[in-house]
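First the structure, in the form of structure tokens, and then the observations on it.
Nothing here was measured: the structure is a model prediction, and the numbers come from that model. Each chain gets a letter, A, B and so on, in the order its sequence line appears, and its residues count up from 1.
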Amino acid sequence: MPVDILDALNPSQRQAVTAIEGPVLIVAGPGSGKTRVIVHRIAYLVDTVGVSPHRICAVTFTNRAAREMRARLQALLGSRAEQLTCGTFHALCAAILRRDGEAIGLAHNYVIYDEEDQGTVIKQAMEEAKVDPRRFPPHAVHEAISAAKAQLLDVEGFRLRVGSYYDEVVLRVYERYQALLVAGQAVDFDDLLLKTFVLLRDHADVLEKYQGRYLHLLIDEFQDTNVAQYQIARQLAGKYRNICVVGDPDQSIYSWRHADLRNILSFQKDYADCRVVHLGENYRSTQTIVAAAQKVIATNRQRLENPLHTSKGQGAPIVAAEAYNEEEEANWVVRELDRLHRQERVPYSACAAMYRVNAQSRALEEACLRYGIPYHLVGALRFYHRKEVKDVVAYLRLVANPADEVSLLRVLNVPPRGIGQKTQDQLVRWARGQGVSALDALGRLSSDEQGAALIPSSGRAALLRFHAMVQELRQAAERLDVVALMDLLLERAGYRQWLLEETEDGQERWENITELRGTAEDFRRLGPQEGLAAFLEGVALVSDQDNAEADRDAMTLITLHQAKGLEFPAVFIVGLEEGLLPHSRSLDDPAQLEEERRLFYVGMTRAKERLYLLRAFRRRFRGSGMPGEPNTPSRFLRDIPSNLIAMPLGSGAPSLIASRRPRDEAAVTPATQAAPPPRPPLKTGDRVRHAKFGEGIVVSCTRSGGDHEVTVAFQGAGVKRLLYSLAPLEKVEMHP
DNA sequence: ATGTTTATTATTTTT
DNA sequence: TAATAAACAT
């Protein structure tokens, strides 16, 4: 019902939803109901205006966001939501290329290389181009190529832009790199965009097909799009010009992924008639938090004014505190969390700790473990990055696409088959000489005596056996679905047995394979060939598995980058120190410094009710012994008006953390809550009394961090592990 | 061919 | 610290 769709919206939101003709730019501050607007806009288009969902394309930045959007639309539109095109730019492009890529010479069964694969190809390319990987780190060269592709510069385009010796080196590698991808019928992430752009540019019929289909185009997180993505969007919107982009320049934090803020300016220039809607009402955070965040972001020079206001109450003051080191900092967080949980009935899941670099999660994790607080670490070890998962995927890729040399070399000797580096090198060289793929070269081994002579006889038999196995799998792939194929492969390759019997943590790793098998189940219904292709595409594009235990009441540990788009009633931002938040790598560049500030802004605006800003006086860097240099408080703290900041809990003195003299160490109030606990309070054999568990005997008492972990065998309640500082423990004197 | 030791080097990471 | 890669030994 149309009334419902518009009813729950404020005037500017309503404007954003109903402005359906022509180009629209929605500037949406944090917590302003951005997702809500997008979802309602689509529902409005379908329900009220009568646009077929088939003709709407919504682009998001993560698969997670796409899934969420689809789910919310399902609630509003029911099964009609299924016809909607909704996904990331990469997924959209992958689908277009799968359908029409042949027009630009892309095999229908092309593979998508992930970062690791791309790395191997780069190294190969550097070797061929005779570039010393020690002088030119492969990662940096790849980065340069990736940046070029994001600006839509292919090899020829880049050649024209070469302006330094370094560029020239990059160019040489770029040429080889691209040739290797083509030979393997493979694309990298950047190619998905670049090749789609080229396809739409050079093939009017294909362009017409997609332009004609998409009557409405919506792009979320527009501030984080790169040039290639923007240009593709322009192509798709070329016919109807109904393009709606939503973004917030102040939350642009991915310039290092080639996001280009100038896209917003370009949009206003390219679509001079575009309507601009500002969503400035924040429905998320208290006045205190909004005001502080506004002050912080207002310090940036490169900025469009975008005032934000909230109708919420003033709320609690922001708490800023200094701990002695990262361990105490983490303890402070966890103790306060525990206090919130007990005194104010705040669930753990309402709280998040955010940090600049992943390494900071460790201290927090340890503190959680120490205090028995459940936590959920976001994005730690990614499922599809695990060796065993990648191995199986490589086998499947090889079956789907025999030209994929990277995958072949990955699994050729996994499990070990006695095919060493030397044999592999020989094989590759011979294949190159013959101008065939490595797998085809294997096929020729038995008949070609000359070629065979190049391979040591010991390896030859193993190679032939491997080839026979792959051929068998390829035949089986014609009739077996993905799951059955996977099962066959695991047996024939001896992978299962090897994993379980020969490797460390074999059991655990096998379970990961089982999980992978589980995700493949969804692709069964697509039938043999289709299912395999779709599965591989999904694996390449959906690198995050957020099937994490969402039902558990646990606090969230997350990087500031990953936190974008989320919200929590209580947020702890840790590591507010010069060199960490602003990160040392951005200190010398004003533009990067502004991005660091935006990152902090993103973090602050995740908080609904409570915001804690922590820092450590000394911080150890990657285990380098003990002390760590004294830290200077982050310059960002200076931007927060002191009347919005409370003194640290438990501290008698007023906090001068937000003072204009942050270098004045004496002015900084230490967080007394994080004070070190007493000396070893108990020893094994001591008799203690606990308020709840009654009497017991100390089994052990060990230092854990700044605290003491006491294991006690209680008479009635069994063995418990307790923290001395928290548990209501009392020593019972043995004898008079 | 493969296992072991030492050297090196560290942001962020939606795809 | 810890992860990875190159060098080295078996």
Side-chain angles (χ1 to χ4, degrees), chain A residues 59-68 87-94 112-116 118-120 123 133-134 137-139 143 146 149-150 187-193 220-221 223-226 228-229 251-259 326 354-363 366 378-382 384-385 387 413-425 456 458-459 462 502 537-544 546 558-566 575 579-587 592 595-596 598-600 602-603 620-625:
Chain A
V59 186
T60 60
F61 243 75
T62 63
N63 292 300
R64 187 186 71 195
R67 253 194 314 274
E68 266 170 35
T88 64
F89 266 110
H90 294 267
L92 178 66
C93 291
I112 302 168
Y113 280 170
D114 69 13
E115 223 150 325
E116 196 182 333
Q118 291 165 31
T120 21
K123 283 173 201 155
R134 285 218 279 261
H139 181 261
E143 178 49 39
S146 173
K149 288 183 174 182
V187 302
D188 61 18
F189 291 138
D190 303 302
D191 277 343
L192 287 172
L193 306 174
D220 193 11
E221 305 284 16
Q223 76 281 358
D224 287 329
T225 53
N226 65 30
Q229 289 165 332
Q251 294 186 67
S252 161
I253 53 175
Y254 280 101
S255 73
W256 52 276
R257 294 282 295 153
H258 315 126
E326 75 273 16
M354 301 177 184
Y355 35 82
R356 177 66 236 262
V357 304
N358 276 121
Q360 289 173 267
S361 70
R362 156 168 278 208
E366 284 172 356
V378 177
L381 25 80
R382 293 201 283 170
Y384 291 106
H385 282 31
K387 250 202 243 72
N413 200 32
V414 180
R417 300 185 174 92
I419 305 169
Q421 195 56 53
K422 220 161 166 192
T423 311
Q424 288 185 29
D425 290 348
S458 56
E502 311 282 336
E537 190 169 303
V539 167
L541 262 24
V542 186
S543 59
D544 64 327
D546 55 353
I558 193 169
T559 65
L560 287 161
H561 281 93
Q562 292 178 308
K564 194 178 73 170
L566 305 178
L580 195 52
L581 189 53
H583 194 272
S584 52
R585 298 276 264 252
S586 41
L587 254 29
Q592 283 198 54
E595 180 148 316
E596 295 288 307
R598 292 196 291 268
L599 189 56
F600 180 44
V602 166
R620 280 188 287 249
F621 268 117
R622 36 189 130 92
S624 67

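- Here the closest heavy-atom approach between residue A:G575 and residue A:Q360 is recorded as CA-NE2, 3.7 Å.
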Close N/O contacts between protein and nucleotides 7-12 of chain B (under 3.5 Å):
{"from": "B:dA10", "atom 1": "N7", "to": "A:R622", "atom 2": "NH1", "distance (Å)": "3.4"}
{"from": "B:dT11", "atom 1": "O4'", "to": "A:H583", "atom 2": "NE2", "distance (Å)": "3.3"}
{"from": "B:dT11", "atom 1": "O2", "to": "A:R356", "atom 2": "NH1", "distance (Å)": "3.0"}
{"from": "B:dT11", "atom 1": "O2", "to": "A:R356", "atom 2": "NH2", "distance (Å)": "2.4"}
{"from": "B:dT12", "atom 1": "OP1", "to": "A:N358", "atom 2": "N", "distance (Å)": "3.0"}
{"from": "B:dT12", "atom 1": "O4'", "to": "A:R356", "atom 2": "NH2", "distance (Å)": "3.2"}
{"from": "B:dT12", "atom 1": "O2", "to": "A:W256", "atom 2": "NE1", "distance (Å)": "3.3"}
{"from": "B:dT12", "atom 1": "O2", "to": "A:R356", "atom 2": "NH2", "distance (Å)": "2.4"}
{"from": "B:dT12", "atom 1": "O2", "to": "A:H561", "atom 2": "NE2", "distance (Å)": "3.4"}

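- Counting all heavy atoms, side chain and backbone alike, A:S252 lies closest to A:R598 at O-NE, 2.7 Å.
- The CZ-C1' distance, from A:R67 to B:dT14, rounds to 12 Å in whole Å.
- Taking both residues in full, the closest heavy atoms of A:N63 and A:L541 are given as ND2-O, 3.0 Å, listed atom of the first, atom of the second, then distance.
- Residues A:E116 and A:Q118 have side chains that never bring a donor and an acceptor to within less than 3.5 angstrom of each other.
- The ring of A:F61 does not lie on top of the base of B:dT14; it is either too far (5.5 Å or more) or too tilted (30° or more).
- Between A:Q562 and A:V378, the shortest heavy-atom distance links the atoms OE1-O, 3.5 Å.
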Pairing string of DNA chain B (Watson-Crick or G-U wobble, both atom distances under 3.5 Å; | = paired to other strand) is ||||||||||.....
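- Side-chain contact between A:S146 and A:H258: present, with at least one pair of heavy atoms (C-beta onward) separated by less than 4.5 Å.
- Between the side chain of A:D188 and the backbone N or O of A:I112 there is no donor-acceptor pair closer than 3.5 Å.
- Listed pair A:T60 / B:dT14 fails the phosphate criterion, with no side-chain N or O lying under 4.0 Å from OP1 or OP2.
- Applying the 4.0 Å criterion to OP1 and OP2 of B:dA1, one finds that A:N413 has every side-chain N and O outside that range.
- Judged by distance alone, the side chain of A:E595 and the main-chain N or O of A:S255 form a donor-acceptor pair under 3.5 Å.
- Distance A:L541 CG to B:dT13 P: 19 Å, rounded to the nearest Å.
- The nearest whole Å value for the distance from the CG atom in A:L92 to the C1' atom in B:dT14 is 16 Å.
- Comparing B:dT14, B:dA1, B:dT15 against the side chain of A:D224 picks out B:dT14 as the nearest.
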Using the side-chain contact (heavy atoms from CB on, under 4.5 Å) rule, take A:I253 and A:L560 through it: C-alpha gap first, then chi angles, then the decisive distance, then the call. CA-CA 10 Å; A:I253 53 175; A:L560 287 161; over 6 Å; no
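- The NE2-C1' distance, from A:H90 to B:dT13, rounds to 11 Å in whole Å.
- If you measure from atom NZ of A:K422 to atom C1' of B:dT2, you get 15 Å, rounded to the nearest angstrom.
- Each of A:Q229, A:Q251, A:K564 was checked for a side-chain hydrogen bond (donor to acceptor under 3.5 Å, both in side chains) with A:D224, and the lone residue meeting it is A:K564.
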Each nucleotide N or O in nucleotides 7-9 of chain C that has a protein N or O under 3.5 Å away: list the pair and distance.
none

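- Here the side chains of A:Y355 and A:L581 are not in contact, with every heavy-atom distance at 4.5 Å or above.
- Between the CG atom of A:D114 and the P atom of B:dT14 there is a distance of 12 Å, rounded to whole Å.
- With the nearest nucleotide of DNA chain B identified for both A:P416 and A:D190, A:P416 has the one nearer the 5' end.
- The distance from atom CD of A:Q360 to atom C1' of C:dT1 is 15 Å, rounded to the nearest whole Å.
- The base of B:dT14 has none of its N or O atoms less than 3.5 Å from a complementary donor or acceptor on the side chain of A:R257.
- The closest side-chain donor-acceptor pair between A:E115 and A:H139, if any, does not fall under 3.5 angstrom.
- Look at CG on A:D220: it is 14 Å from P on B:dT15, rounded to the nearest Å.
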